[in-house]
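Step one of this worksheet: look at the structure below.
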Amino acid sequence: MSAARRALTSPAFVAGALLTLALVAVAWAAPLLAPADPAAQDLTGGLQPPSPEHWLGTDQLGRDVLSRILFAAQTDLRLAVLAALAPFVIGVAVGLISGYFGGAVDWVASRATDTVIAFPFYVIVIAIVFAVGAGERGIVLAFALVGWVGYARVLRAMTAALRETGWVQAARGGGLSHARILVRHVLPNVLPQAIVLLASEIVLIMVAIVTLGYLGLGIQPPTPDWGTMIADSQQFITTHWWLPAFPGLAVVLTGVAFSLLGDGVGDALRVGGRRRGRARGGRPRNARRGTVLPGVVPSGAVPSGAMPPGAVPPGAVPSGAVPPGAVRVRGLRVHGARAAGEAGRELVSGVELDVAPGGALGIVGASGSGKSLTLRALLGLLPAGVDASARELSVGGPVGMVFQDPLTALDPLTRVGSQLRAAVQAAAASGAPERGRAAADARVRELLADVRLPDPARIARSYPHELSGGQRQRAVIALALAGDPAVLLCDEPTTALDVTVQRGVLELLAELRRERGMTLVFVSHDVAVVSELCDELIVMSDGRIVEAGATTEVLAAPRSGEARALLAAVPRLPALAPLTGAQPSADPAEDRAAPPSDAPSDAPGDAPGAEASGLVLRDVRLRYGRTVVVPGASFAVPRGQAVGLVGESGSGKTSLARAIAGQLPLAGGELRWGGERLGARRSPEQLRAIQLMPQDPASSLNPRMTVGQTLGELLRVHRIVPRRAVADRVAELLMSVRLDPALAASHPHALSGGQRQRVALARALALGPSLLVADEPTSALDVAVQAQVLELLAELRAELGLTVLLVSHDLGVVHEFCERVLVMRAGTLVETAGPGFFTAPASAYGRELLAAVPRLP
């Protein structure tokens, strides 16, 4: 939706714009509308009440109040807007620069801001007006010197947060200047908030002008001004109410108008802004109501008008309709948003399924096949604008839900224990045994222990960001268990986890199912994960069930073409060779000394000529603040090779990738490419030579720029092609990554995950790099799209002679794509190997990683 359409559908914008336009029109037409000269005095007709001759009465000097209010609107509106512009420009500039550069620049700007804030606002404004003289000049100068601090503080915080986002890092990696990044990338994304602040500031300045006028320091007589009118009428406030009431009402109306306008403009400029209102999604028609108990619903996942976070909408049926723990779906259909006069597109077509109590059903399929929509339909948690209907949609007993991303499923500002306690108390409100505070706290600790979290008391006191990915996912499972569900629904709960953490979560779910007798419905694009956990399997494609049956039977002999294609796309690892000699040590210290299994030495000093011309790291050390994340890494990537960098989450893989791409400064050591040392500041040629394909393409693409703008900017800035040929080159880049050139006009939110990943690859290729650092390029993609991305990377590598460093926790992907493997643990390289790593790793940690990978039977 365009900004203009968002504005027109925003009630705040429409109301604010109409009020503001009315005020401006009245002020502009004051000479035509005023019934009298605002300065004309009639001492014999003073203090007259409202009458047909003087609609709003007269003041003590016999001047017409209505005329003075109309002319005062001209003065006060003009002065308020004029006085707001200078601090707006100064504050936005200071906030952008200090937040973006940080360090000494931020320190100086922050101290200047603190100095101004240390003085009471009105005291310093009055002092400045006294110093330069009352009137318009003094007011404008006073607010220029004082009013910028509010903008600076807010925009500095916003810019500091945006500075680390993927798309700002990508712009830096693309060799764009700091000035261009600030103006072209950062400013448009903070401007909505700045405009809201500007509207609020105009209101505050209006009140300040009135206050200064009341004190005699504002607009000087005989110029009409609302503040001086209120000041002049204070002695008559109890006897002649109209004198202060009408100019005061004018100030209030102006404040309301600008506040509404600012909110509306801010909403219109925000990407993805949508009209608030009750969503059409919800319980499918004919679904039967039953007991409702809490599960876990991430903020933002519930459509407007649905249940609040922490509560699952009705999805169960009366006792006896289906056995406890059973799930029955008949004729489920889900439709997308309807255009005017048209039926919505059918996203799920006639799905029917049965799950017996205590059973485990896996639902697999490509992205967009309808897996997650089917799961959400069971809860009535469909996205806004999506409708569902079914002949029957029955769930026996309470339901819990585990969502894909634990970071969005947990409130970042609330301790884990508090969130669990709220879920326990919500369960009591829905029919479970009521618990007091002490009993609820005991239940929280019990739930954390049930999901095998160590030190439940510490976890309960922790905020989500203080936990690891695996701990957060277990906390989310504990939330889902708070209502003692008979059915547990899981939507891609292990997608973003490394193999060892994934193994722990899968074992936990299997154990909970055995101990509690829960029914499990597990949605995933990872067929190997589902094969280990589920007894029954459903394969979906284009919203339809194309194959169903026992998991072992479907995997052994798939009947449908879609199922065969899905299985064919799954990367497969060879079997681990049995240990024949002494078992590799499980001691990390000894692991670090493990010799390479079948690869040449990676010590930079011993690197052969081919490696010396490639990527070489010598004792590279990295840290965030005082925290050391990589104590010292040394390895080489020969030119033209594809090398995989693997390890669990937190091992330092992504930090190394960012350092190689120039996005993270080295704390020590040396980094070389093509025999040339890469310093803290790289030349444009060095930046272009090494490009990073980031892990999350959705966050690495500027949400305000179309695909064509993102690619074209790099081409124009670096003058890779003439300006007239930019559009043609953008089309060529999109075709090179197997995308329709028409997508150049699309924004990132309109693309699928696979399309965004390809756009990120096209952006990296736009600069003609010789080294591509691909950080989890297939993370969260279904196996079919994953296979396409890997095939594309292999083709481009052969065509362009690219050297590739592939960072991944998916060992199947690394086995399929890379000639060599680097294994990291706790920031240290513990093993370097060739293809033999996948059958006979030299380190115990390498064997642990491989043993944790789910494998198809």
With side chain to side chain contact (heavy atoms under 4.5 Å, CB included) as the test, pick out the partner of [X] among [options].
X	options	answer
M540	V364, V546, T374	T374
I459	R474, Q471, R472	Q471
L453	L467, I477, L508, L448	L448

Answer yes or no: is there a side-chain heavy-atom contact under 4.5 Å between [X] and [Y]?
X	Y	result
V759	T710	no
V395	T519	no
L806	P777	yes
R516	L488	no
E562	S369	no
L382	D387	no
D491	L489	no
F817	P571	no

Can you give me the closest heavy-atom contact between [X] and [Y], atom names plus distance?
X	Y	answer
P748	L701	CG-CB, 3.7 Å
P493	F522	CG-CE1, 3.4 Å
A170	S700	CB-O, 4.0 Å
L856	L555	CD2-CD1, 4.1 Å
P398	D484	CG-O, 3.6 Å
V813	L790	CG1-CD2, 3.6 Å

Checklist entry - Can we say R503 and E532 salt-bridge, meaning some charged N sits less than 4.0 Å from an Asp/Glu carboxylate O? => result yes
Item to check | R452 with E507: basic N within carboxylate O range, under 4.0 Å | outcome: no
Taking atom [atom1] of [X] and atom [atom2] of [Y], what is their separation to the nearest 0.5 Å?
X	Y	atom1	atom2	result
C534	R513	SG	CZ	7.5 Å
L734	L739	CG	CG	6.0 Å
W167	L162	CH2	CG	4.5 Å
Q757	L751	CD	CG	12.0 Å
D535	L361	CG	CG	9.5 Å
Y463	S418	OH	OG	8.0 Å

Any donor-acceptor pair under 3.5 Å linking the side chain of [X] with the backbone of [Y]?
X	Y	answer
E536	A548	no
S808	E776	no
K371	V539	no
R564	R559	yes
R391	R330	no
S531	A528	yes

Next on the checklist: With a 6.0 Å cut-off (strictly less than), is the heavy-atom count around CG of D450, excluding the residue itself, greater than 12?
Outcome noted: yes
Item to check | Partners passing side-chain hydrogen bond (donor to acceptor under 3.5 Å, both in side chains) against T414 (at least two apart in sequence or in another chain) | outcome: D411
Checklist entry - Where do V399 and L378 land on the side-chain contact (heavy atoms from CB on, under 4.5 Å) test, with the steps shown first? => result CA-CA 9 Å; V399 186; L378 288 170; over 6 Å; no
Checklist entry - Does R544 have any salt bridge (Lys or Arg N to Asp or Glu O under 4.0 Å) partners at least two apart in sequence or in another chain, and if so, which? => result none
Next on the checklist: Does I363 form a side-chain contact (heavy atoms from CB on, under 4.5 Å) with V521? I'd like the steps, not just the answer.
Outcome noted: CA-CA 8 Å; I363 305 177; V521 182; 4.0 Å; yes
Checklist entry - Step by step, would you call V501 with Q473 a side-chain contact (heavy atoms from CB on, under 4.5 Å)? => result CA-CA 9 Å; V501 176; Q473 193 61 281; over 6 Å; no
Next on the checklist: Looking only at side-chain N and O atoms, does R704 offer a donor or acceptor that is under 3.5 Å from a partner on Q709?
Outcome noted: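 Their side chains do not contain a donor-acceptor pair, so the 3.5 Å distance test is not met.
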Next on the checklist: Between I538 and V351, is the side-chain contact (heavy atoms from CB on, under 4.5 Å) condition met? List the steps.
Outcome noted: CA-CA 10 Å; I538 284 177; V351 165; over 6 Å; no
